[in-house]
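Whatever order the structure lists them in is the order used to number ligands and atoms, beginning at 1.
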Amino acid sequence: MSNKEKIRIENATKVFRVYKREEEPEGAPVNNDSGQTRGKVPRGKIPRGLLPRRGMSSSTGGMFGKEREKKLSVTQSTLYALRNVSMEVDAGEVVLIIGPSGSGKSTLLRCINRLEDLTGGAIWIDGKCVTEEKTDIRQVREEVGMVFQSFNLFPHLSAIQNIALSPVVVRGMSKKEANRNARALLDRVGLGDKEHSYPAQLSGGQQQRVAIARALAMDPHVMLFDEPTSALDPEMIKEVLDVMLGLAEDGMTMLVVSHEMGFARAAARRVIFMDEGEIIEQGDPAKLFNNPDEERTQRFLRHIL
Ligand code: ADP
Ligand code: MG
């Protein structure tokens, strides 16, 4: 392992069990060719809420009792959101992840900061395994800042309160120091005059910049961005991307899910294309966007470019 390496992901696999209540033909469990397995869930193991309720009108036309129970059953399918994903990100590197909806991009980021747990494989940050059972999840979240598509600011807190909250609550920082840092961060994202504004009083672009400042307040080693501009009106995209470009120039290690080609060309050293939970190909932005090797990458790029 090189000492420049910040993030190392080895064979990350994430399986979701998906339950569906449906009319099920009699017979054995079915395997389909996308690798999903389906099977009847034993009655005792059906998650609550999926059990047919008594007297409920169902898609089979409101049958009751035994007849309905026989025809309506709960099936379980296994969905590979991530399948043996391996990659490394060096210190100060900006890596862009692209791929169609449902390809596992968010799941990958969520597993890095432990919003989800991997089913298999492991992730290291600064040489420390963050996916072990015994790892302190709170510490992982302190080291890994995450910015979501939907800002997720606390609506009842002002901009500065949103930013200063975690350092005080989680880090035990004094309120005074946390506020001083928060003001500096608001300046850094170009919102020095908005410290007392509440999220509802801010534009989407401004809210997202507060969200970035809030993540930075914990002094993270790594920043993850999950489609940070895709909920924004076009005229606000640039102000958020500019903040991210500034971070990249300051040497922050960043993993960014985005389809903003301008940002990719300006900031990303590497682009990774994912599909169906797998890394299909990766390379420098110019090569991957202009001359991808894989047919699936070509097809995807034709859709978005
Ligand atoms: P992307 O961010 O690339 O659009 P996601 O990582 O959100 O994709 O999802 C990957 C796959 O995992 C999708 O098929 C999605 O439906 C599924 N998935 C994500 N989260 C869950 C969950 N909590 N339960 C079941 N399936 C999920
Ligand atoms: Mg996503």
Side-chain angles (χ1 to χ4, degrees), residues 7 9 11-22 31-39 41 45-50 74-87 89 95-121 123 131 137 144-152 204 208 211-212 215 222-232 237 240-241 244 254-261 263-264 268 270-282 288 292 294 296-297 299-305:
I7 310 175
I9 302 174
N11 291 323
T13 297
K14 175 68 183 177
V15 176
F16 286 113
R17 280 190 207 307
V18 186
Y19 296 96
K20 211 165 151 199
R21 194 172 61 211
E22 60 182 15
N31 286 322
N32 67 17
D33 50 8
S34 68
Q36 299 184 4
T37 53
R38 299 189 342 141
V41 182
K45 292 205 165 166
I46 294 176
R48 288 178 66 183
L50 283 174
V74 174
T75 58
Q76 165 185 291
S77 52
T78 311
L79 188 140
Y80 279 83
L82 296 175
R83 201 189 282 266
N84 289 322
V85 171
S86 296
M87 61 183 282
V89 183
V95 175
L96 194 83
I97 303 176
I98 62 172
S101 174
S103 56
K105 308 178 298 295
S106 297
T107 303
L108 182 63
L109 298 195
R110 292 167 61 81
C111 286
I112 295 174
N113 84 341
R114 293 286 302 271
L115 288 171
E116 301 276 2
D117 283 321
L118 286 178
T119 316
I123 298 172
T131 46
I137 295 182
V144 183
M146 183 147 173
V147 174
F148 303 86
Q149 177 179 341
S150 54
F151 328 139
N152 294 354
Q208 192 59 304
I212 294 172
V222 167
M223 284 283 283
L224 310 176
F225 292 85
D226 194 357
E227 307 206 36
T229 60
S230 55
L232 298 177
I237 290 176
V240 171
L241 293 181
M244 292 168 61
M254 293 162 62
L255 204 45
V256 181
V257 173
S258 172
H259 296 123
E260 290 295 335
M261 298 300 150
F263 176 81
R270 187 152 47 106
V271 179
I272 292 178
F273 172 67
M274 285 182 69
D275 195 11
E276 295 182 353
E278 291 179 293
I279 293 179
I280 305 299
E281 75 174 288
Q282 52 180 305
L288 195 125
E294 298 292 326
R296 269 201 268 183
T297 318
R299 206 179 331 136
F300 174 71
L301 289 172
R302 272 201 297 277
H303 276 296
I304 64 160
L305 288 181

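- Residues of the protein with a heavy atom under 4.0 Å from ligand 1 are Phe16, Leu79, Ala81, Pro100, Ser101, Gly102, Ser103, Gly104, Lys105, Ser106, Thr107, listed by chain and number.
- Remark: Asp117 engages Arg114 in a side-chain contact (heavy atoms from CB on, under 4.5 Å) (not counting sequence neighbours).
- Remark: Ser258 pairs with no residue by the side chain to side chain donor-acceptor pair (under 3.5 Å) rule, at least two apart or across chains.
- Interatomic distance, OG1 of Thr131 versus CD1 of Ile137, reported as 11.0 Å (0.5 Å rounding).
- Separating the CG atom in Asn113 from the CG atom in Leu224 is a distance of 6.0 Å, to the nearest 0.5 Å.
- Protein N/O/S atoms found under 2.8 Å from the Mg ion (ligand 2): Ser106 OG.
- Considering only heavy atoms from C-beta on, Glu278 stays 4.5 Å or farther from Tyr80 through its side chain.
- Taking 4.5 Å as the limit, every side-chain heavy atom of Phe300 sits out of range of all side-chain heavy atoms of Glu294.
- Atom CG of residue Leu301 and atom CE of residue Met261 lie 6.0 Å apart, to the nearest 0.5 angstrom.
- The shortest non-hydrogen separation linking Leu109 to Phe225 is CD1-O, 3.4 Å.
- Rounding to the nearest 0.5 Å places OG1 of Thr297 at 7.5 Å from CD1 of Ile98.
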